[in-house]
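For reference, the structure is listed below as structure tokens.
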Amino acid sequence: MGTYLPFAGMVMVECLDVGMTTLSKAAMSRGMSHFVFVVYSNALATLILLPSSFIIHRNKRPPLTFSILCKFFLLSLAGITIMQNCVFTGVSYSSPTLASAMSNLVPAFTFFLAVIFRMEKLDLRNSISQIKIMGTLVSISGALIVTLYKGAPLFGTPVQSIPDSSPSNTSSSTSMNNWIIGGLFLATASSCLAIWNTAQAAILKGYPSEMTIVSFYSLFGTIQCTILSLFVERNPSAWTLRPDIELASIFYSAICGGVLTFSVQTWCIKKKGPVFVAMFKPLGIAIAALLGAIFLGEELHVGSLIGAVVIVVGFYGVIWAQSKEEKGLDIKTKEDGESQEDEIDRLQSSSQKKPLLESEVHV
């Protein structure tokens, strides 16, 4: 269970993220402000998380200091305020396709930061490190294939597309500029998510209380996003929620996207490290394609199948290398423990022999 539970938890997180993205897109297509959406969803998640942190885990929680609270504040700034708002702003300028492609930068950014801060061991002469690097690159390549290459439908006849030459040069230039602006916002979001993964792993070493971190993470994120939204969203009617898909998306985002996702990710970062969590990001595209085909009736294409296979190969390579690395550490620890036990036994046996010798000499 200790081996497979983090794996199952991260697969669940990616499935929940796909559902959250679908509902939030539906709500925002009806005119809901994404700034307001981020505030309400994090506020509801905070109301759920804070009581559990202060009541249920009050005896297990280490004492809070000003330094720890400052770290929580910066963690919220990167993981909620900047990251979530940049994602929705980037999608509004470009498209969800570009957002899916840019999210695949997260594993590379996280692996790079983890190596810099010595959370991951990197030895280019070691075969385990080489497999981890190659697996990361292969998974990112597979996710890009799923996103950028469609191909023919797997079940059905390919539809011939007619090129459209009606847009003018001015509109084409504007569309390209918006695409570039959206890409910059989404790249910023990916880098912030990588910083969040790495920083949270560092904070967990000094403050090993997952629920407290997630609770204050949501609380500070709500405060920061509220201040930002009051400056950006000047329309008072934007804060009014309709009891339809808007309210449902906020409840889903708070419970599944806030409470469950943040808690499971924090626990997996503590158990397996930030690179393990980031490696599941490309897997989310394959899950989105599969769930879209099952529940939304979308067609599966050759590009989705090829990309999914490439993602699984690269993902398995990294997980296999990490498991070998952990087994190597376990064997080394066991051998060190056995050598220490042998040394203790040798000292004890010599100390037991010494009185006998002394008694013989005395006689």
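The first residue in the sequence is number 1, and the count goes up from there. The model shown is predicted, which means the values in this text are computed figures rather than measured ones.
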Inset, instruction - Drop me the distance from K71's NZ to T65's OG1, to the nearest 0.5 angstrom. - result: 7.5 Å
Inset, instruction - Find out whether S215 and L219 are in side-chain contact, i.e. whether some heavy atom of one side chain is under 4.5 Å from a heavy atom of the other. - result: no
Inset, instruction - For the pair Y207 and F72, name the ring-plane relationship: parallel under 30°, tilted 30 to 60°, perpendicular over 60°. - result: perpendicular
Inset, instruction - Say whether F35 and I245 are linked into one hydrophobic cluster, either directly or through other cluster members, by side-chain heavy-atom distances under 4.5 angstrom. - result: no
Legend entry - Donor-acceptor under 3.5 Å (Y40 side chain, L241 main chain): no
Inset, instruction - With the side chain counted from C-beta on, respond yes when L16 and Y252 share a heavy-atom pair under 4.5 Å apart, and no when they do not. - result: yes
Inset, instruction - Treat each ILVMFWY residue as a node, draw an edge where side-chain heavy atoms are under 4.5 Å apart, and state whether L47 and F37 are in one component. - result: no
Legend entry - Donor-acceptor contact present, side-chain S129 to main-chain R125, <3.5 Å: no
Inset, instruction - State plainly whether one hydrophobic cluster holds both L64 and L49, where clusters connect Ile, Leu, Val, Met, Phe, Trp and Tyr through side-chain heavy atoms under 4.5 angstrom apart. - result: yes
Legend entry - Distance in Å, S218 OG paired with I48 CD1, rounded so as to fall on 0.5 Å steps: 9.5 Å
Legend entry - W239 side chain near L230 side chain, heavy-atom distance below 4.5 Å: yes
Legend entry - Atom pair OG1/CD of T261 and E14 - distance to nearest 0.5 Å: 8.5 Å
Inset, instruction - Test I203 against every option in L74, T198, I213 by the side chain to side chain contact (heavy atoms under 4.5 Å, CB included) rule and name the one that passes. - result: I213
Inset, instruction - Enter the distance from S41:OG to I255:CD1 here, rounded to the nearest 0.5 Å. - result: 11.5 Å
Inset, instruction - Consider only side-chain heavy atoms of I, L, V, M, F, W and Y, link residues closer than 4.5 Å, and tell whether L228 and I223 are in one cluster. - result: no
Legend entry - Side-chain heavy atoms of Q200 within contact of T266, under 4.5 Å: yes
Legend entry - Main-chain N/O of H34 paired to E233 side chain as donor or acceptor, under 3.5 Å: no
